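If you're wondering where the values come from, they're calculated on a predicted model, not measured in any experiment. These values consider heavy atoms only, across backbone and side chains, with no hydrogens, waters or symmetry-generated copies. Residue numbers begin at 1 in each chain, while the letters A, B, ... track the order of the sequences.
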Amino acid sequence: MLTSKGLWSLIASYSSLVLSATLFIYPPLLLASLMLTISITLYMILTHRKLKNLGESATPVEREVYPNAAAIGQPINVELKIRNHSGKSILVSVVDSHEGLELIAGSASAEGFLEPGGVFRITYRVRSALRGEYEIGPAEIKILDFNGLWARRYLTGPSNRVLVALPTGLWARAGDTNLRSYGGAGGSGINPLTGADEVFKGVRKYEEGDPVKRVAWKRTARDGDHEIYLKQYDHYSSINITFLVDCSYSMAFGSPMLLDSCLTAVTSLARTFLVKGDRVVLTTFGGERDFTIRAGSFAADYPLILKILSQVRPGSNYDLSKLVEKAGPSHLTFVLSRFAYTTGPELASFDEKLRTRGLRSVLICPTLDKGVAKSEVLKLLDKLERTRIEALKSKTPSLMVLSVQSLVPNMLNLYQAYGWRYRTVESR
Amino acid sequence: MKAVKLAANAVMILPPAIVHGLSLISFNYSSLFVLLGIFSLIMILLSDRVKLVGVVSVYLPAVYSLYLLVSGGNPIPFISLASGYILAVPIVLIISMITARTPAGLVSSYFSAYISSLIIYGAVFSGYNIPEKLFIYLVRGIMVYVGSGPIINLVPPEIPPISMLATPTAASTIALVIRLMTLATPTRKFWEGEWLPALLLSLILGIPVGITTYISPSLASPATLVLSSILLAFLVFYSRRRDR
């Protein structure tokens, strides 16, 4: 391909030739212009012929990325090595792609001579302020002629994937702390995180193999019949909970990001519900890639939830009408969104459609905790946001506006309040 | 390498240097402002490095000559200064040709230096060899030659003899290609790459056009345009086909 330098050379030589053939006609100059133009054009043709056989095998690329999974804002080191296996000296220009990641040190591009067998190294650092899975690479290689007029360009090398998210451990711990501070999920059991939805049924005589922890000691002691009694419980049936979480750019603001706070809350709640034995369906919308996770077991599915939610990356707009189709049968559906791309009537219609499908839905508009707006612009934006939410609420009165700090307790309350309606007692 | 570059530079500037040298020799320096003008414009090249040079050498003479024009009604210093600027143009272009860092810069400055020196030569040898006349010639006289024949030729009728410039021009063209070879890669051997075969091939391809120039001069211009267009089209299609 022609480089910009090559293009300008062609433009200069051809315009000189055209001018000396039409306006400034002087035979020696005309021939000189012609010779120059032909020389430059032929040089490019011959260079193209020489470079066209060079490809990925001529310049193998290795990339090392450390760490592969980083926290938001954490620097990621990238080292790119290009080897010259072409057997001749080449002038190489490399640009490594790191879309979506901010370059904080070094340079992702370089140009220089590579002797046969030589290695060209580029090191740089990137970071991301947004969660998601990012791709580093492939590298764009340009092998140029020594004058930089013509180049052979191709993409080469493997691309590396980097996961940028809140640290998983921190995420889970934050969720647990949240739950503990709000008194857990309720229930009759002793586990403050999960509760235990069991109902005392009666006592029966102990049989070999029964768990000792279920022995009804008081009853055993009271009756002098030398029998050991065991407490019996009935268990409540499990329910299906669905989370629809908006992951569009409208949620990607604040520090910590509103989206992260919402996903932390959802993860904590999903963990609780799974431990309790309920089933959870988690669907993201408006992200760069949308995910749906159907989880029925804490041990098997909770790590998957953590992994997949780490990959959520804010994306573009979404269509609420299509979202209705994504909401499967569920006892309780939480929709977390700012509904930034939605008008009042559209939201009302969405709510109505969910109800028509027999879904008990709770529309939640999360907001960042109110701080003191420092600038007039922020104050104005805050005012606009409140006005917008009021307009949505006027059309959909059931819309709940909750600050991120109160998401977990409020959603837990809703879960307990609505959950009991759908649970039935199952005898064991 | 340095010797090659120096030699190439020396040969490359020959045609405009010869033509402009003849013009400068034949010019009548009736006013010292002409020399001041030439000096001023050349000093502009240095004004990037020494700011004061630009102020002293360019603005002071210009302001002073304007002052003389406005206060005393004497236009000679002003016109002479302008004529000096005009005479300095090919020199400045020759210097920029030597200091060019890109092929485009080198080619365009070569062409501009050659053309400007030819135009000044035409003016000087047509009798416009005093400052006032040269200035007037370039302000309004140049278009006299436009439309003087079936082909518009902005090079005035008074031109240096072709036999005088044919050899230096041929040599300068080869020197120019050698200079292009050594332009961007000072550390490499200049014959590496494809410049040498390109130069040889272009010499072979240029021979028929050269012969045409002597046999039928009117066909020379169309022949050059046709040949270069064919090559350009070939370059475009060849590179597109291979890059797929």
Given B/T224, B/V107, B/T173, the one with more heavy-atom pairs under 4.5 angstrom with chain A than any other is B/T224
Would you please go through residues 87-97 of chain B and name the residues with a non-hydrogen atom below 4.5 Å from one of chain A, in numerical order? none
Out of A/L2, A/V18, A/L149, which one racks up the most heavy-atom pairs below 4.5 Å with chain B? A/L149
So what's closer than 4.5 Å to chain B heavy atoms on A/L46: side chain, backbone, both or neither? both
Part of A/Y154 lying under 4.5 Å from any heavy atom of chain B: neither
Just list the side-chain donor-acceptor pairs under 3.5 Å for residues 107-114 of chain A, sequence neighbours left out, or say none.
residue: A/S107; atom: OG; partner: A/S109; partner atom: N; Å: 3.2
residue: A/S107; atom: OG; partner: A/S109; partner atom: O; Å: 2.9

A/L36 side, atom CG; B/S172 side, atom OG - distance, nearest 0.5 Å: 8.0 Å
Decide yes or no for B/L232 and A/Y14: does some side-chain heavy atom of the first lie under 4.5 Å from some side-chain heavy atom of the second? yes
Correct closest heavy-atom pair for B/S202 and A/M35 would be O-CE, 3.4 Å
Hey, does B/Y238 have a side-chain heavy atom less than 4.5 Å from the side chain of A/M44? no
Taking C-beta and beyond as the side chain, do A/L29 and B/F111 meet within less than 4.5 Å on heavy atoms? yes
Which residue out of B/L106, B/T102, B/L203, B/I174 racks up the most heavy-atom pairs below 4.5 Å with chain A? B/L203
Examine whether an atom of A/I45 lies under 4.5 Å from a heavy atom of chain B, and if so say whether it belongs to the side chain, the backbone or both; otherwise answer neither. both
Check whether any side-chain heavy atom of B/L201 sits under 4.5 Å from a side-chain heavy atom of A/I38, and report yes or no. no
Nearest heavy atoms of B/A104 and A/A12, plus distance in Å: O-CB, 3.7 Å
Just to verify, which of A/S20, A/S33, A/P28, A/S16 counts as forming a side-chain contact (heavy atoms from CB on, under 4.5 Å) with B/Y114? A/P28
Quick one: ring pair (Phe, Tyr, Trp, His ring centres under 6.0 Å) pairs with a partner in residues 53-97 of chain A, sequence neighbours left out? none
Select one option (side chain, backbone, both, neither) describing which atoms of B/L227 are under 4.5 Å from chain A's heavy atoms. side chain
When you compare the side chain of B/L231 with that of A/T37, does any pair of heavy atoms fall below 4.5 Å? no
If you count heavy-atom pairs within less than 4.5 Å of chain B, which of A/L7, A/I11, A/L31 leads? A/L31
Listed pairs under 3.5 Å, donor-acceptor, residues 71-82 of chain A side chains, sequence neighbours left out:
residue: A/Q74; atom: OE1; partner: A/A71; partner atom: N; Å: 2.8
residue: A/N77; atom: OD1; partner: A/R125; partner atom: NE; Å: 2.8
residue: A/E79; atom: OE2; partner: A/R121; partner atom: NE; Å: 3.4

Spacing of CG belonging to A/L19 relative to OG belonging to B/S108, to within rounding of 0.5 Å: 11.5 Å
If I measure from the heavy atoms of chain B, does A/I40 come under 4.5 Å with its side chain, its backbone, both, or neither? both
How close do B/A198 and A/L42 get, counting heavy atoms only, and between which atoms? O-CD1, 3.8 Å
Rounded to the nearest 0.5 Å, the CG atom of A/L10 sits from the CG atom of B/L235 at a distance of 6.5 Å
Nearest heavy-atom contact between A/A32 and B/T169 is CB-CG2, 3.6 Å
